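A note on names: the letters A, B, ... follow the listed sequences, proteins ahead of strands, and every chain is numbered from 1. From a predicted model like this one, the values you see are computed outputs, not experimental measurements.
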Number of protein chains: 2
Amino acid sequence: MEKNPPKLSTINVMIIEDDVTYRQSLQAAISAGENLACPYACESCEEALEILEKDFAPEVLLLDIKLPGISGIEGIPKFKAFSPSTHIIMLTVFDDDDLIFNALCRGAEGYLLKSATPRQIYESIQNVLCGGAAMTPTIAGKVLKMFTQYAEPKGEYDLTTREKEILQLLVDGHSKKHLADRLCISLYTVDTHLKNIYAKLHVHSQIDVIAKALKEHLL
Amino acid sequence: MEKNPPKLSTINVMIIEDDVTYRQSLQAAISAGENLACPYACESCEEALEILEKDFAPEVLLLDIKLPGISGIEGIPKFKAFSPSTHIIMLTVFDDDDLIFNALCRGAEGYLLKSATPRQIYESIQNVLCGGAAMTPTIAGKVLKMFTQYAEPKGEYDLTTREKEILQLLVDGHSKKHLADRLCISLYTVDTHLKNIYAKLHVHSQIDVIAKALKEHLL
DNA sequence: TTGTAAATACCGGGATCACGGTATTTTTGG
DNA sequence: CCAAAAATACCGTGATCCCGGTATTTACAA
């Protein structure tokens, strides 16, 4: 519950979940929600896509991952294609890093475990409607870990200002010659700088230097 | 409240906040918490660092960003250096993307706005103690947006399986010759594949190809 | 002031790359 | 089964790179 309260008209929530029991109890719980409706509860992405084709666009989609046929992960872009404004919340028993990663990268705005209470699911729906994201603290922690580990490995190699400058231009796709012109220095000088950079980074070619700079975020 | 409940012994929470009024009311609120204690509430990072030097290590640190002297962001690594196990939660009025980004990248496990209620702060503390992360849905949404936008630009260039394989080896730092050996094919063949890759990616050198592949996450 | 680091510049030779062709075999989809 | 796509292979030329040197000027710190 952030920012503006969600619009008061009825919010359509769609469910895709292959387990009959959980699906029905979930549908019942959603329907009981203050301003929520759940006209469709499907057991596969295929079934849901058929409904979306008949131009029905739910505000929120609760999506399982392990499904017969198209998986929930694979389904995300398909649903987004039909209905970009639909907010997708994953609802699954799996908390593997790469599932979380893939789901969120493909545009899911929430990731909940099935252990979540109806109350938590209800609040998550309100949150994504307000433009927020919905995840349990544990999931958020995992996201954060991926986040930091991606930005973290700032190797230090004591490059001089000039060397960093040259490295930057190199990474931006300039050849040594083109680069010498840009900096108004001799090609020989570029060569010398580059030799020093190679020595400091322990590499022996431009390829290696580019790869290392980009992989370790040296710029 | 995730996973195991936090240990029942008293949790030490440290506060760094320059506004006297907010600091005192926060300290009072924390101290009132079930199993929480707040022996130190500082008005600057410098003051807090002095205390940490006298080997006091709080389990949780509530940290403001705008501070006289060392900012909260700058302080994070310093605190982590003294006490790696301390969980840091940012508590600020600013929700700029780059502040969030920097704080979380430097190891903060939570990011709350000062509009948070004592109850929310209390729960956030419990969450980080259990290894989770603490953020409001709005902040989580922003994190997610940075996350996706970093992984998103998956340009599609119709590379064949073999071409991707060659591209991968190239990125891993293999020369064309070394690469031909690895794949047990002629150097000429590698050359041909590479020519096709260049055409598809619209580049004209290995450098460009490496840069493009890494920048656009083609692998 | 006296080193040391940084930035600049030059040379040559051997290795590697870019790219224009051409062409055969294998895989694959309709 | 047949056409298209993919993978394989070959060649030569000019461009570019890698690396071993050497050397001068500037800047800054001891």
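- Arg162(A) has no side-chain polar atom (N or O) that falls below the 4.0 Å cut-off from OP1 or OP2 of dA5(C).
- Rounded to the nearest 0.5 Å, atoms OH (Tyr157(A)) and CG (Leu167(A)) are 11.0 Å apart.
- Asn196(B) has its CG atom 11 Å from the P atom of dT8(D), to the nearest Å.
- Side-chain contact between Leu187(A) and Asp181(A) is absent, with no heavy-atom pair separated by less than 4.5 Å.
- With rounding to whole Å, Glu165(B) atom CD is found 15 Å from dA6(D) atom P.
- Side chain of Thr161(B), nearest nucleotide from dA7(D), dT8(C), dT8(D): dA7(D).
- Following rounding to the nearest Å, Leu159(A) (CG) and dA7(C) (C1') show an atom-to-atom distance of 15 Å.
- The two residues Arg106(A) and Pro77(A) make their nearest non-hydrogen contact at CD-CD, 4.2 Å.
- Summarising the geometry, the separation between CG on Leu183(A) and P on dA6(C) is reported as 18 Å, rounded to the nearest angstrom.
- Side-chain N/O atoms of Glu109(A) and His87(A) include a donor and acceptor closer than 3.5 Å.
- Proximity of Thr189(A) to the phosphate of dC10(C): no side-chain N or O atom is located under 4.0 Å from OP1 or OP2.
- In this model, a donor atom of one side chain and an acceptor atom of the other lie less than 3.5 Å apart for His174(A) and Arg182(A).
- An OP1 or OP2 oxygen of dC11(C) is reached within less than 4.0 angstrom by a side-chain nitrogen or oxygen of Tyr188(A).
- Here the CD-CZ distance, from Glu53(A) to Phe82(A), works out to 4.0 Å after rounding to the nearest 0.5 Å.
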Any chance you could list the contact pattern along nucleotides 15-24 of chain C? Use B for base contacts, S for sugar-phosphate-only contacts and - for none, protein heavy atoms under 4.0 Å, 5' to 3'. -SSSBBB---
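- Where Cys184(B) and Asp158(B) meet DNA chain D, the nucleotide closest to each residue was compared, and Asp158(B) sits on the side nearer the 5' end.
- Between the CD1 atom of Ile166(B) and the C1' atom of dA9(D) there is a distance of 13 Å, given to the nearest Å.
- Here dC19(D) presents its C1' atom at 15 Å from CD1 of Ile197(A), a figure rounded to the nearest Å.
- Interatomic distance, CD1 of Ile139(B) versus CD1 of Ile100(B), reported as 4.0 Å (0.5 Å rounding).
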